[in-house]
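No hydrogens, no waters, no symmetry mates; every other heavy atom, side chains included, goes into these values.
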Amino acid sequence: MTANELYVKGARIWISDPDAIWRGAELLEDYKGPGQVKVRYEDGEDSVLAIKDKNNLPHLRNPEILIGENDLTSLSYLNEPEVLYNLQVRFMDQNIIYTYCGIVLVAINPYADLPIYGNEIIQAYSGQDMGAMDPHIFAVAEEAFKKMSRFEQNQSIIVSGESGAGKTVSAKYAMRYFAMVGGSQAETQVEKRVLASNPIMEAIGNAKTTRNDNSSRFGKYIELSFNKKNEIIGAHMRTYLLEKSRVVYQASDERNYHIFYQMCASSDLPEFKKFQLMAAGDFFYTAHGGDPVINGVDDADDLSDTRDALLLLGISAKDQMMIFQILAAILHFGNVRIKEAEGETSEISAKDKNLLLMCQLLGIEESQMRMWLCNRKFTTVGEVLTKPLTAEQASNAQDALAKHIYAKMFDWIVEKVNLSLHSTTKQHRFIGVLDIYGFETFEINSFEQFCINYANEKLQQIFNSHVFKLEQEEYVKEAIEWSFIDFYDNQPCIDLIESKLGILDLLDEECKMPKGSDKNWCQKLYDKHYNKAHHFDKPRMSNMAFIIHHFADKVTYQADGFLEKNRDTVLEDHINILRASEFALVAELFEDKPDPNEKKQRAGSHPTQPLRSNPKGSKSTKKTVGSQQVTKATVGDQFRDSLFMLMNTLNATTPHYIRCIKPNDLKEAFEFDPRRAVEQLRACGVLETIRISAAGYPSRWTYSEFFQRYRVLARSKDIDRANPRKTCENVLVSVIQESSPTKHRKNNKPIEDPDKYRFGKTKIFFRAGQVAYLEKLRSDKLRSCGIMIQKHVKGWLERKRYRKITKSITLLQKYGRGLLARRYARYLRETWAAKTIQKRWKGYKARSHYNHVRNAVLILQASIRGFFGRREFEKALHTHRAVVIQRFARGWLARVRYRRVIRGIIKLQGHYRRRKAKKELKKLKIEAKSVDHIKNVNKGLENKIIQLQQQLDVRKQEMNAVKQQEGEMEKMKIELEKLRGSSGQVEKSSNKITELLAEIKALKIELEREQIEKQDLIAEKELMRKDKAEIANKLTEENNKLSADLELAKTQLDEQEKELADMVKAKVEAAKKQLLSELDSEREHHQKLVKEHARLQQRLENLHGEMEYLTSPQGHKLLCLLMRRRRKRKMKKRIKDMVQRSQRRRRKAPAPPLPVNGETKDIDVGLLLKLQNRVKDLEKEKAEMQKEIDTSEEQKPPPSSDVITDSAFNALKKQLVNADDVQLVIKLQKRVKDLELTKSRLRSELDERDDDDDELTKFQITTPEFAYNNLKMQELENENDKLKREVGKLMQAITDSTDFTQQEVSPSGKELMDQFEAMNDELERLSNCAQDNLFNLQSNK
């Protein structure tokens, strides 16, 4: 549509306003061309709008249906005022803080707690598509989690915005969502540790600013690691650009880091008493802002949460107290005051207790810190120079050291957090959450704002390219012909910063210059880029500032302090003092570790640092490794490298964007400031996303949605329900193309107009404004249809009303007449009814009176009779109850007495029987437990079984004899039959028959007797069988009982054996653990010895440097300068004290006179005798140690092979660790203390020699102190030689006792040998140092 068609009377527009940014208005007349148009604002004000040309036309407003859309890209008119108004309506009217803008989630800080982050909300968004529910940060997190789990792609969520916009809270809720969906329903230990890192990082990295009460002063990128089951297994955190300057300075109404105020608020805790903490306003480093309290925040409770989180992440209570001790030392260090002294020197008052307390908390020497805070050391060719610092330089060095200590502490905590969150399981995929600072511009912008805006330029470049890529992919997916969409490319601005000879390169180059300054660097920027680079500009009124045109706005940077912040230098002398701390954690913070910020360059390549010494230290930061040169990178170089790594990580992942908006500067809940909001929308790239969308086809409808919405515009013949696309094409042809006279149809097919719309595969793409035009046509169509419907409905309603009135009148007449007839009929019925009622009522009253009198008489009679009857009954009942009560009472008393007697008898019987049973049970238990009893029982049973078996055999033999007799009787019967059969023979031998009959008779008698005996035997056999069965049953029962007892005993024995085995195993395990713990303790002891040796070595180096400084001419002059003011008031007292000491020594032990210039002085003979005795004692100790070494050599067995065994090496290691190492370290410690005393005494004597005038020259050469010093130095030399010989013999004894080569020694053995060599070298150096000191002292004298 043309402008004349859109800008007609009644059209709603947006007009820019200097105060309200944009004001809504309505056209009062049609637009006819360039000129003036009358408008009326929403508040009723009329005005005239001047329009120069068509390009100057005001923005059109969207229809009401599109206001409050949850996606800004779905608006028909995509422009700045519509975006701002849509966000304001959702935030102010609907209290919705989240809105989509394409792939970006816009989050407005409500400054109030909203109930939209509970577990039920997380469950609701889990598994849902991004557009299926209202915009929410959980929807973005779910989209990232879904893409990672489905497509196995690493994801990143980029949270950005200015301070106070809610970045930290948004990142926290995203991590909480991943912890819930990536774990179980209840948080596991891994998720708890991931979430526990938030309070720790907020305590040490967040602070109150003028814009935010909990502002993150560093950037962080947290990678949440997932396994193949999409469960969280660990995390890793990377930090960027900690604001170290906040440690020493805060602006008005701002605070230092939260941890300092939490400690001050908890100063009354018993474990914090030794820190001597005060109120936050009493410390210099926490009193700058002037407002140490945040409304609604309890710092003491926050410290408790921080300590719980540290404990959960594996940082022990001991390490926590050490962390708080270091932080308390920083607070006290800030209260140290450095004053100007004579000349260009500085000093710290001797009464300043803050320095002493700081040194005690850090475990360092106060004298060294006091000296090197006011001086610094230069290393030149063959010489070390010391230069005093002015008060300003010393204060700067003090602040630099405080910032460095806090930064080291911050890095150590981050390292421990990462170590706790690290998982041994292999990472499958990860989701990164980037919480980084947004674009910043203030009245004064320095190096920190430059780095922050540089990072946002890089992030904006990735954002623009990603949005453009997604936009083009959508067109390709829908097969839409498109031309290249021009979008803002900030690569020239990035090149201006990071390219060769760019701002960072020139800054590093200037840092290398010996006399580099911010002014020279700024002038180089002008010469190189002014009027040459499009994004660089120069302020008119300043030569120490420059302007960069960023993607969001142009920013003016003040060049003051750029070089100093880029170098970030700390004096090496301060670091060496901290390395020699007696606390392991303090020394660990400043150990020489591989610095990830160091860069290696080939020899001959262009270095990134100058070849001169460190500008603020005496030692160069360069190290040499082979043919490579290692230099410490500048802060800008480090930030550029870390940013490059971050960009590579983000480019390798699928990004998701969350842009946080701060609605107002007053931190009021649900208050919207359009000016502040539009500044942030421009800065965070939301408007750039809208501009890219508006350059193409921003409005997109699916065919079904379009048909459902605009079906009212279609004609019946154009609707094809089987083909929605065809229907949509017909609708667009009828309502858009036919409205334009220049468009037509060809071959009954619609011609696409690329200036208005395009047909995709599943969607229709519209240019900006076309949806609004369709809405206008739809509303016009609905309006005309509404008028037509109203006309027919109103006629139908009037006709219906007339019919209703007519019908009502007829009904009214009918019911009126019926009412009169019913009234007369009712009168007749009521008259007849009244008469009937009177008749009935009179009869009823008479009957009622009669019945009442009759009933009264009956009731009276019944009451009197009942009274007498009840009285008799109660009397009889009372008598019966008394008898019953007596009977039951007497029976109860008798039963009670009987039960008492029976109970006593039973108790007596029970006590007696129990005692008897206990004795028997005890006896049986003793017998049952004895093995002899079991054997006797078994033996008796075996004897019984044998006897029964023998009896059974006898019975069997008798049964066999009976059977044989029965067989003989059968034979005899057979013979008898034969005899009977032979009658002839019977007759012949009658005599024989008679004999046989007699014999038969005798046999019968015998047979009867045998039968009787047989029956007796059978009966006896049955009895024996029964007895045998009973015995067998008894034996079986006893056998079963014994078997059960045996099984029980066996089971008990097995259990006892098992318990014994478990006990032995447990003891073995305990012994093994104890041995392992002893081994670990020995290893720890060895490591402590190594660290103690390194700490002592560093301490000796510091003492050596101090001795060199004191003996050098510069040190001598400095000491003279510092002591000049004290000389006059101490001279008389020193002379008097020296004279008194000399007199006392003369009276105590006079010595032979020594001639000096004709005069003599006494020597202390007692002192000489003591020294001689000391030499003899040392000789005896030497002889004893030699004997011990010889005996240890004789007792050691000869080695069986060339390779030492593990047991032999462990024994050797234990012997060395427990004996010689400890003795040598103790001796070294004693030697160091002696050297320190000697050094302090020599320095005091040197002071006395320098301070004494010419009248005291007689005390300078031949005093007993001088002789004592000589003897003492000789004694020290003798002890050094003895110790060296002892160490050499010990090493030789170890080498001879174990024939192992250098290649076959384990690392621990090598470490011990290296320790011995280092100790030997240390003794030689101590000896040389003592000789040099003596020589210098003699030369000075």
query: Are any side-chain N or O atoms of His258 and backbone N or O atoms of Asp299, one a donor and one an acceptor, separated by less than 3.5 Å?
result: no

task: Kindly indicate whether the side chain of Val248, heavy atoms from C-beta on, has any atom under 4.5 Å from the side chain of Lys403.
output: yes

Atom CD of Glu340: over 12 foreign heavy atoms under 6.0 Å: yes

statement: Rounded to the nearest 0.5 Å, the OG1 atom of Thr386 sits from the CE atom of Met371 at a distance of 7.5 Å

- prompt: Between the side chain of Gln398 and the main-chain N/O of Phe333, is any donor-acceptor distance below 3.5 Å?
  reply: yes

message: Would you compute the distance between atom CG of Asp399 and atom OH of Tyr285 and round it to the nearest 0.5 angstrom?
response: 4.0 Å

- request: Please say whether more than 12 non-hydrogen atoms of neighbouring residues, nucleotides or ligands are located less than 6.0 Å from CD in Glu392.
  value: no

message: Could you check whether any side-chain heavy atom of Trp412 comes within less than 4.5 Å of a side-chain heavy atom of Leu585, counting everything from C-beta outward?
response: yes

- prompt: Does any N or O in the side chain of Thr390 come within less than 3.5 Å of the main-chain N or O of Glu344, such that one atom is a donor and the other an acceptor?
  reply: no

message: Closer than 3.5 angstrom, by distance alone: can the side chain of Thr345 be matched with the main-chain N or O of Pro388 as a donor-acceptor pair?
response: no

message: Determine whether Lys416 and Asp319 satisfy the following criterion, salt bridge (charged side-chain N to carboxylate O under 4.0 Å, His left out), listing intermediate values before the conclusion.
response: CA-CA 11 Å; Lys416 291 297 181 183; Asp319 289 340; 5.9 Å; no

- prompt: Is a side-chain N or O of Arg370 found less than 3.5 angstrom from the main chain of Glu365, in a donor-acceptor match?
  reply: no

statement: Value for OG1 (Thr306) from CG (Asn198), rounded to nearest 0.5 Å, stands at 11.5 Å

field: Glu415 side chain vs Asp411 backbone, donor-acceptor pair below 3.5 Å
entry: no

field: Nearest-0.5 Å distance that lies between atom CZ in Arg255 and atom OG1 in Thr286
entry: 9.5 Å

message: Quick check against the 3.5 Å criterion: does Gln320 have a side-chain atom that pairs as donor or acceptor with the backbone of Ile315?
response: yes

- prompt: Under 30°, 30 to 60°, or over 60°: which ring-plane class applies to Tyr406 and Tyr257, parallel, tilted or perpendicular?
  reply: parallel

query: Is any side-chain heavy atom of Phe410 less than 4.5 Å from a side-chain heavy atom of Lys244?
result: no

message: Would you say that Leu373 contacts His574 through its side chain, given a criterion of any heavy-atom pair below 4.5 Å between the two side chains?
response: yes

- prompt: Is there a donor-acceptor contact under 3.5 Å from the side chain of Glu564 to the main chain of Gly561?
  reply: no

query: Any side-chain heavy atom of Leu357 within less than 4.5 Å of one from Gln360?
result: yes

Within 45° cone and under 6.0 Å: Arg176 NZ/CZ vs Tyr117 ring: no

- request: Return yes if some donor-acceptor pair links the side-chain N/O of Asn335 with the main-chain N/O of Phe283 below 3.5 Å, else return no.
  value: no

- prompt: Roughly how far apart are Leu389 CG and Arg376 CZ, rounded to 0.5 Å?
  reply: 6.0 Å

query: Would you call the rings of Phe275 and Phe272 parallel, tilted or perpendicular if under 30° counts as parallel and over 60° as perpendicular?
result: tilted

message: Is there a side-chain contact between Leu361 and Ile326 in this structure, where contact means two heavy atoms from C-beta onward sitting under 4.5 Å apart?
response: no

field: Lys NZ or Arg CZ of Arg307 over Phe324 ring: under 6.0 Å, within 45°
entry: no

- request: Check whether any side-chain N or O of Asp352 sits under 3.5 Å from a backbone N or O of Arg337 as a donor-acceptor pair, and report yes or no.
  value: yes

query: Is the count of non-hydrogen atoms from other residues, nucleotides or ligands lying under 6.0 Å from Asp113 atom CG greater than 12?
result: no

message: salt bridge (charged side-chain N to carboxylate O under 4.0 Å, His left out) for Glu572 and Arg579? Distances and angles first, verdict last.
response: CA-CA 10 Å; Glu572 189 70 20; Arg579 285 174 183 164; 3.5 Å; yes

statement: Test salt bridge (Lys or Arg N to Asp or Glu O under 4.0 Å), reference Glu254, set Lys208, Arg246, Arg217, output is Arg246

query: Hey, are Ser216 and Lys167 close enough side-chain-wise for a donor-acceptor pair under 3.5 Å?
result: no

Atom pair CD/SG of Gln393 and Cys374 - distance to nearest 0.5 Å: 11.5 Å

